[in-house]
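Report on one structure; see the data block that follows.
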Amino acid sequence: QQPVQSPQAVILREGEDAVINCSSSKALYSVHWYRQKHGEAPVFLMILLKGGEQKGHDKISASFNEKKQQSSLYLTASQLSYSGTYFCGTASGSNYKLTFGKGTLLTVNP
Amino acid sequence: DSGVTQTPKHLITATGQRVTLRCSPRSGDLSVYWYQQSLDQGLQFLIQYYNGEERAKGNILERFSAQQFPDLHSELNLSSLELGDSALYFCASTGREATDTQYFGPGTRLTVL
């Protein structure tokens, strides 16, 4: 079943923070985050495995709450380059059978 | 440049035809993933290969098949094409670990007329 992402779209000014959520009705083993700019291939951001592990690099981090079957992606002090559509993909087992959400369109304005 | 190459970049064909999409992973990467992206279906995981063997299968139609060759390049074969198969097809590659960074190729845009 497809995970639900929220919000569907968000507009920020440079320097503001944002949170994108990804929720599933199924028990999750892993959550994968990607960013895609218009006309380009997706860019892999990170994978989170069950256990509530938080990951991050630069000013983008994510958490995974396996009890709530939810992951959140945190973008801190957003930059213009953060604009794009963010997708989460979820897997219920240790294999890679991912199901993707519909995406969250993030726009960062100067 | 991710180091992953896909050919062709664009493909226009007719319904009922068969096409082959090719992906060359980054040097040293053992795993190849195929994805389909369309306006209707969004982003979908199709299939994963690791060192020549199928590792995971997603929403891949029976009309589609894939393989990974000894030199680790992969091909996605699409047959009996339908209008709804028009989409972007991406491949990505990673190293040994499933949690390694995935590197995406530029994609093949397939148009079925």
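Note on naming: letters A, B, ... go to the chains in the order of the sequence lines (proteins, then strands), and numbering restarts at 1 for each one.
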*Below 4.5 Å from any heavy atom of chain A, which atoms of B:Tyr103 appear? Answer side chain, backbone, both or neither.*
neither

*asked:* Distance check, rounded to the nearest 0.5 Å: A:Phe44 atom CZ versus B:Thr94 atom OG1?
replied: 9.0 Å

*Should we say atom NZ of A:Lys68 is surrounded by more than 12 heavy atoms from elsewhere, each under 6.0 Å from it?*
no

_Exercise: identify the closest heavy-atom pair between B:Phe90 and A:Glu40_ = CZ-O, 4.1 Å

_Neighbour count >12 (heavy atoms, 6.0 Å) for atom CG, A:Leu80_ = yes

*chain B contacts: which residues in residues 97-110 of chain A have a non-hydrogen atom closer than 4.5 Å to it?*
A:Lys97, A:Leu98, A:Phe100

*Would the number of heavy atoms belonging to other residues, nucleotides or ligands and lying under 6.0 Å from CD of A:Gln8 be above 12?*
no

*Is it possible for you to say whether B:Val4 and B:Leu76 belong to one hydrophobic cluster, with membership spreading through side-chain heavy-atom contacts below 4.5 Å?*
no

*Indicate if B:Val19 and B:Leu61 have the same hydrophobic cluster label, given that clusters are the connected sets of ILVMFWY residues with side-chain heavy-atom separations under 4.5 angstrom.*
yes

*Quick one: are A:Gln36 and B:Phe104 in side-chain contact, heavy atoms under 4.5 Å?*
no

*Determine, using the 4.5 Å side-chain heavy-atom cutoff (strictly less than), whether B:Tyr50 and A:Ile47 are members of one ILVMFWY cluster.*
no

*Measure across B:Gly105 and A:Ala41 and return the closest heavy-atom pair with its distance rounded to 0.1 Å.*
O-CB, 3.2 Å

*Find out if a path of hydrophobic residues (ILVMFWY) with successive side-chain heavy-atom gaps under 4.5 Å connects B:Val112 to B:Trp34.*
yes

_Can you confirm whether more than 12 heavy atoms, excluding those of A:Ile11, are under 6.0 Å from its CD1 atom?_
no

